[in-house]
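Below is one structure, written out as structure tokens; comments come after it.
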Amino acid sequence: MMKITFPDGAIREYAEGSSSLDIARSISEGLARKVLAASVDGQVWDLSRPILQDSSLKLLTWDDPDAKNTFWHSTAHLMAEAVESMYPGVKFWVGPPVDNGFYYDMDMGGQTITEDDLRKLENRMSELSKTNNAFLRKEITKADALQYFTQKGDEYKLDLLQNLQDGAITFYTQGGFTDLCRGPHIPHTGLIKAVKLLNVAGAYWKGDEKNKQLTRIYGVSFPSQKELDEHLTMLEEAKKRDHRKLGKELGIFTFDDDVGPGLALWMPNGTVIIEELEKLAKETETAAGYKRVVTPHIAKESMYLTSGHLPYYQDSMFPPMELDGVKYYLKAMNCPHHHKIYSAEARSYRELPLRLAEYGTCYRYEQSGELFGLMRVRCLHMNDAHIYCTKEQFAQEFRAVNDMYLKYFKIFGIEKYVMRLSLHDPAKLGQKYINEPELWLETEQLVREVLINSGVPFVEVPDEGAFYGPKIDVQIWSAIGREFTLATNQVDFAQGRRFKLEYTTRDNSTDTPLIIHRAPLGTHERFIGFLLEHYAGKFPTWLSPVQVRILPISDKFMDYARSLEGKLLKLGIRVDIDDRNEKIGKKIRDTELMKVPYMFVVGEKEANEGKVAVRRQGKGDLGAQDVSEIIANLKTEIEHRQ
RNA sequence: GCCGUUGUAGCUCAGUGGUAGAGCACUUCCUUGGUAAGGAAGAGGUCAAGGGUUCAAUUCCCUUUAACGGCUCCA
């Protein structure tokens with residue numbers, strides 16, 4: 001007998017060699033039907049795999065992330081089985097579970113798959129699942145595995161095998177499909193009741209663009225049709241929050257073929273938001289001791305040679321224009337310009353830290369396939385600043401920047417984010433990173449300490465640093481689930497020396513300042529794109545392009561509406577009047593759809609009593625209020641940035 | 001940049017080898033209506049651009065361009 005410990009601490013005895021499924025069955029048949037995989041001593045196992053010794057056991061059902069992953073991984077195998085049966089000769093690479101589903105990469109040998117084909121594949125998978133074929137695990141020697149795939153002529157699996165140790169190799173077979181796979185899998189295909197194949201895409205083999213491109217099919221599956229339907233509904237809802245859709249509906253921004261890809265045009269409503277954000281940034285930065293500067297959109301090639309950007313980033317810059325034999329580049333970053341402002345005057349340690357801020361306009365030649373709404377554009381406005389400080393001041397300055405992020409996140413209600421400490425890869429010194437191995441380690445440790453001391457949770461990611469130093473990126477997620485870098489905070493130990501930036505120290509010698517590059521609000525483009533999705537277009541009053549819309553019951557009350565409008569305008573409240581010849585219901589509906597936070601309905605009663613009938617977007621009628629009262633409330637709400 | 005899909009009115013979308021339609025929006029008129037769509041009429045399109053096949057192309061083919069789904073990249 002062996003002792004099995006359950007998550008609640010209970011210990012029960014079972015015959016050696018009992019499987020997790022046996023154990024589940026001993027608890028209840030219902031559980032045995034529901035359970036998908038088992039966690040044995042912390043490792044996810046097939047349910048059918050015999051347990052041979054005392055272990056802790058957790059039976060995993062659908063709600064457990066490990067079970068979901070196992071379920072989706074098994075579905076990937078099911079899909080591969082369907083593909084193999086419909087497209088003979090296809091070679092498979094890997095088919096892992098991902099955040100919301102699974103994919104399988106395959107070499108279709110020149111065959112293409114269309115959307116219609118996906119429906120056919122789904123049907124085939126549904127047929128195959130009904131066979132209730134078990135996922136059979138088989139340990140196999142490396143020699144036998146090599147022979148199997150050599151015979152099959154499958155160079156992809158042979159490539160995978162090369163990196164595997166003999167003795168740790170397993171095959172899984174369900175029905176007629178056998179795959180090299182470490183598992184684990186759910187017990188049988190019949191558990192996969194609902195499958196949706198979402199899209200087909202190209203993916204480079206091993207993620208390297210120099211390699212052949214494989215066909216990747218993404219899908220998602222569930223233990224019941226109901227859950228699939230719910231998931232699909234959720235995806236539809238997410239689409240409604242897509243900033244590209246909302247941006248068009250609300251008149252925030254637009255793109256035009258004649259202007260060019262990735263070059264956003266900000267419409268009046270979007271410009272209001274930009275100006276509110278800039279106001280916030282200027283207030284915040286002024287209070288934190290920043291000074292504003294303004295610099296040109298272009299600069300000579302020589303400056304980017306000095307900065308060191310050109311060799312690293314030339315491909316991502318717009319090609320230069322040549323004037324009198326001199327090349328000029330559109331600026332892709334503001335830092336060199338700011339460095340020139342630093343070096344324009346002799347600096348003393350008494351001036352440091354010197355903080356130069358600018359909503360600088362940058363142009364980046366992003367690859368055409370990378371453009372994505374406002375999130376990835378070719379013309380962008382960075383909430384940029386550069387802080388020049390001594391080594392002693394660094395920790396405090398860096399931390400102050402992080403605190404500024406958190407302050408902003410609070411204002412915007414941003415709760416889901418991850419701070420990533422991006423480090424260099426020693427193997428790429430001199431290529432991707434400036435070749436200063438000791439400075440790298442020293443600075444990385446400096447930043448790490450600041451983060452630890454400020455108690456902000458973070459993850460470390462190798463090989464993600466800027467070329468001139470380590471950085472902290474703040475990752476956020478769009479409504480469609482795409483991940484973006486919002487804010488960035490970078491240390492730069494390289495450019496100061498390259499630009500010969502100096503200051504006179506207390507003992508009358510000279511030193512080079514450390515530089516912090518920071519952009520807490522990222523860019524107008526990305527931040528407003530994010531806010532659109534974050535608020536689902538329902539901006540808080542202080543950011544709303546139109547804060548109040550006055551809705552006269554009929555044009556008899558237009559004079560009263562106009563006098564109200566005048567009052568609000570004088571107070572700097574963004575107000576307009578729906579003066580169309582429409583009924584009040586129609587005006588309300590349209591104003592609701594435009595997500596204007598406040599509606600003032602005015603008719604005979606209100607005009608006579610000097611009141612307005614207040615209606616809050618999404619909340620309905622709030623009843624009549626005195627004009628002075630509602631105006632005071634509005635002012636407060638806006639001033640507090642609510 | 002690569003793989004795949006798509007491009008018809010301001011927006012959302014039908015449709016066709018014989019030069020186009022709906023709803024919303026827009027204009028005008030009727031209506032002056034009390035909390036999520038009042039009625040009528042009208043105007044609006046080189047069917048993304050260029051080339052080819054054809055008696056005839058918005059429709060079929062090719063190229064370009066843009067957007068979308070991914071991959072790669074992301075200062």
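So that the names make sense, note that chain A is the first sequence line, chain B the second, and so on, each numbered from 1. These numbers were taken from a predicted model, which means no experiment stands behind them.
Counting non-hydrogen atoms under 4.0 angstrom, G623(A) reaches nothing in the nucleic acid. Here K471(A) lies in heavy-atom contact (under 4.0 Å) with sugar-phosphate atoms only. G207(A) comes within 4.0 angstrom of the backbone, heavy atoms only, and of no base. E606(A) comes within 4.0 angstrom of a nucleotide base, judged by non-hydrogen atoms across all strands. Looking at heavy-atom distances under 4.0 Å, G585(A) makes contact with sugar-phosphate atoms alone, never a base. At the heavy-atom level, E604(A) lies under 4.0 Å from base atoms of the strands shown. The residue Y312(A) sits apart from the nucleic acid: no heavy atom pair falls under 4.0 Å. Among the protein residues, I584(A) comes within range of the sugar-phosphate backbone only, with heavy atoms under 4.0 Å from sugar or phosphate atoms but none that close to a base.
For D555(A) and U32(B), a side-chain-to-base donor-acceptor distance below 3.5 Å is present, hydrogens and geometry of angles not being considered. Side chain R376(A) to base C73(B): a donor-acceptor pair is found below 3.5 Å. Under 3.5 Å, the side chain of Y365(A) and the base of G1(B) form no donor-acceptor pair of N or O atoms.
When distances are taken from the side chain of E582(A) to each of G34(B), G38(B), G69(B), the shortest belongs to G38(B). Between G69(B), G33(B), U35(B), one nucleotide has an atom nearer to the side chain of D621(A) than all others, and that is U35(B). Out of U35(B), C11(B), U31(B), the shortest distance to the side chain of K248(A) is found at C11(B). Distances from the side chain of A203(A) to the nucleotides C71(B), U35(B), C26(B) place C71(B) closest. Distances from the side chain of S368(A) to the nucleotides G1(B), U12(B), G69(B) place G1(B) closest. For R216(A), the listed nucleotide lying nearest its side chain is C71(B); candidates were A66(B), G33(B), C71(B). The nucleotide whose nearest atom lies closest to any side-chain atom of Q367(A) is, among G34(B), C30(B), G1(B), G1(B). Comparing C2(B), G4(B), U35(B) against the side chain of Q213(A) picks out C2(B) as the nearest. Of the listed nucleotides (A36(B), C74(B), G1(B)), C74(B) has the atom at the smallest distance from the side chain of K432(A).
The line from CG of N123(A) to CG of L197(A) is 10.0 Å long, rounded to the nearest 0.5 Å.
Evaluation of the side-chain contact (heavy atoms from CB on, under 4.5 Å) rule for Y312(A) yields I434(A), F467(A) as partners, not counting sequence neighbours.
Consecutive pairing runs in RNA chain B reach the stem threshold at B:1-7 with B:65-71, B:10-13 with B:21-24, B:26-30 with B:38-42, B:48-52 with B:60-64, where a stem means at least three Watson-Crick or G-U wobble pairs with distances under 3.5 Å.
Between A25(B) and K586(A), a contact under 4.0 Å exists linking OP1 or OP2 to a side-chain N or O. Distances shown here put a side-chain N or O of R244(A) below 4.0 Å from the OP1 or OP2 atom of G69(B). Using a 4.0 Å cut-off, some side-chain N or O of Y218(A) falls inside it from OP1 or OP2 of C71(B). Side-chain N/O atoms of S554(A) include none lying less than 4.0 angstrom from OP1 or OP2 on G33(B).
Listed in residue order, the members of residues 233-243 of chain A having a heavy atom less than 4.0 Å from RNA chain B come to none.
A heavy-atom distance below 4.5 Å is not found between the side chains of Q490(A) and S422(A).
Under a cutoff of 6.0 Å and an axis angle of 45°, R420(A) and F458(A) do not form a cation-pi pair. Figure legend: R615(A) and F600(A) shown without cation-pi pairing, the cationic atom not lying both under 6.0 angstrom from the six-membered ring centre and within 45 degrees of its axis.
In summary, E397(A) and R355(A) engage in a salt bridge, as defined by a charged side-chain N under 4.0 Å from a carboxylate O.
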